[in-house]
Number of protein chains: 2
Amino acid sequence: MANNVCDLKSCFLCKSCLKDWLPAVAANRKNIAIKKNRQLFNEGDPVTGIYFIYSGTVKVHKKWGREKELILRFAKAGDVAGQLGLGDDAIYPVSATAIEPCVVCFIDTYFFESTLSINANFTRQLMSVLANDLQESEKRMRNLAHMPVRGRVAQALLNLQNQFGITEDGYINIDVSRQDLASFTGAAYESLFRVMNDLTDEKLVSVSGKSILINDENALLRLTEEIDL
Amino acid sequence: MANNVCDLKSCFLCKSCLKDWLPAVAANRKNIAIKKNRQLFNEGDPVTGIYFIYSGTVKVHKKWGREKELILRFAKAGDVAGQLGLGDDAIYPVSATAIEPCVVCFIDTYFFESTLSINANFTRQLMSVLANDLQESEKRMRNLAHMPVRGRVAQALLNLQNQFGITEDGYINIDVSRQDLASFTGAAYESLFRVMNDLTDEKLVSVSGKSILINDENALLRLTEEIDL
DNA sequence: CGTATCTTTGAGTCATGTCAAAAACGGTGG
DNA sequence: CCACCGTTTTTGACATGACTCAAAGATACG
């Protein structure tokens, strides 16, 4: 990993920032290295700022009781986390945890807010991010309500491939535990497991260790389609 | 109902608009009366603009197949609908349907976009709306994944009471069909029905026709709590 | 090697959705 | 005022998807 200096070209904030605002950004950001499985913030914590992922992967999740959670989305290099601090509540409604070692760029709320009020372009971009997240969230919400687990697994795999791309040998370019995959699809560990077995048997996907390869994208896509009576 | 002239004090857009922009707003908005059960827009339609609800109630929903849907949220006087047109796609990802007669204020995309670029305050407010919607959406998403129907019904009722308030005699101030209530909790009609019966038997709620009264708010609240092992 | 963690499989249970039919309701027109 | 029809409500029986629990294999790790 490179040193922990924010690459101004990759950082969401810096990229959309006004030229003469850049020095201020540089002065106010703080780069932090996060180890695997360490939390960036925890739901219930007071909001202190917003994070821009510079490298690594983060899961944004919401807990249920002591043992369960739902992974809402993954954030990778170039993405934001903590934008929900923008709501009326100054409390993080979700948790964010590194699933790979990360370097993140932290901007405290105060500076962030003043940037918002000065930089309309940045605000506009962030708004776009929120709108897209909301669309995705509502789609998954409907799926959770109506789509069976099998379809949701298919959807989850397609989403991951879409977000993280594939390696040279075609495997989805992310390293997720089965447990996290289950939490992402909103299913029990064993349920996910069985479905993955089925999909493998049917040659729709191949698995090697934790790596997953999608053989038949269209077939997976079909699994996500609505079934009329 | 008053005539169809937008009350500038109630309209989300107008309220946050710059003084000298007001005439332009007045010139560019179009007030439309919508009958009950009429759609404002349908998922899949190209985005033409954004709607501000001036009076009445709208359900924002997403379909599954021909028969099923999930109601994502309700919008009442003062709320926005169609803000998701803000995402990267110029296609409405959801539908909006009046469940009571409505008067809405329509702003076409072009004017809306130019307002966004000129009026930072408005953009900021809209961003806040999106952030809050996203929080709510993600919470409900987790609930859909982990909370049993009984708890979700309780949550739905509390949400409705919270959003619409109560009438003089204590009933939740909204007129929803049972079918919509089911779609809002993400459950089958009959499931909702049985749960409502249970809650009534247990004196947690009272029902009179379509009207619902919450007797024991705390008990409902407890039903929405996470259960540790 | 022994302990811990993760994977895999089987069996059982339960919540929830599905289906079908009867009952109640509401409006409409004769 | 009543008969009729369409809709919504109500109830029961049933099917089954998905979760839970538990235990056996596998894999990693110090």
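Chain letters run A, B, ... following the sequence lines, proteins first and then strands; every chain starts at 1.
Rounded to whole angstrom, the span from the CD atom of E67(A) across to the C1' atom of dC21(D) amounts to 13 Å. Rounded to a whole Å, the CG atom of N37(A) is 14 Å from the C1' atom of dC6(C). Nucleotide dT18(C) holds its C1' atom 16 Å from the CG atom of L192(B), rounded to whole Å. Residue L144(B) contributes atom CG, which lies 13 Å from atom C1' of dT16(C) at whole-angstrom precision. Going from atom CE of M147(A) over to atom P of dA18(D) covers 12 Å, rounded to whole Å.
Ring planes of F74(B) and F164(B): perpendicular class, angle over 60° (limits at 30 and 60°). Taking the six-membered ring where tryptophan is involved, the planes of F41(B) and Y92(B) are essentially parallel, since the angle between them stays under 30° and well short of 60°.
Under the 6.0 Å distance and 45° angle rule, R152(A) does not count as a cation-pi partner of F184(A).
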With 3.5 Å as the limit, what N/O pairs link the protein to nucleotides 27-30 of chain D?
none

Do any N or O atoms of the protein come closer than 3.5 Å to N or O atoms of nucleotides 8-12 of chain D, and which pairs are they?
| residue | atom | partner | partner atom | Å |
| --- | --- | --- | --- | --- |
| dT9(D) | OP2 | Y189(B) | OH | 2.5 |
| dT9(D) | O5' | Y189(B) | OH | 3.3 |
| dT11(D) | OP2 | N197(B) | ND2 | 3.2 |
| dG12(D) | N7 | R194(B) | NH1 | 3.3 |
| dG12(D) | O6 | R194(B) | NH2 | 3.2 |

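Side-chain N/O atoms of S191(B) include none lying less than 4.0 angstrom from OP1 or OP2 on dT16(C).
Of the charged side-chain nitrogens involved, none lies within less than 4.0 Å of a carboxylate oxygen, so that K76(B) and E100(B) do not count as a salt-bridged pair. No salt bridge links E225(A) with R150(A); every basic N to acidic carboxylate O contact stays at or beyond 4.0 Å.
Two residues are said to be in side-chain contact when any heavy atoms from C-beta on lie closer than 4.5 Å; L204(B) and I214(B) fail this criterion.
When each of H61(B), E69(B), K59(B), R38(B) is paired with T97(B), the side-chain hydrogen bond (donor to acceptor under 3.5 Å, both in side chains) condition holds for H61(B) and for no other.
Enclosure of atom NZ in K210(A) by more than 12 non-hydrogen atoms of other residues, nucleotides or ligands within 6.0 angstrom is indicated.
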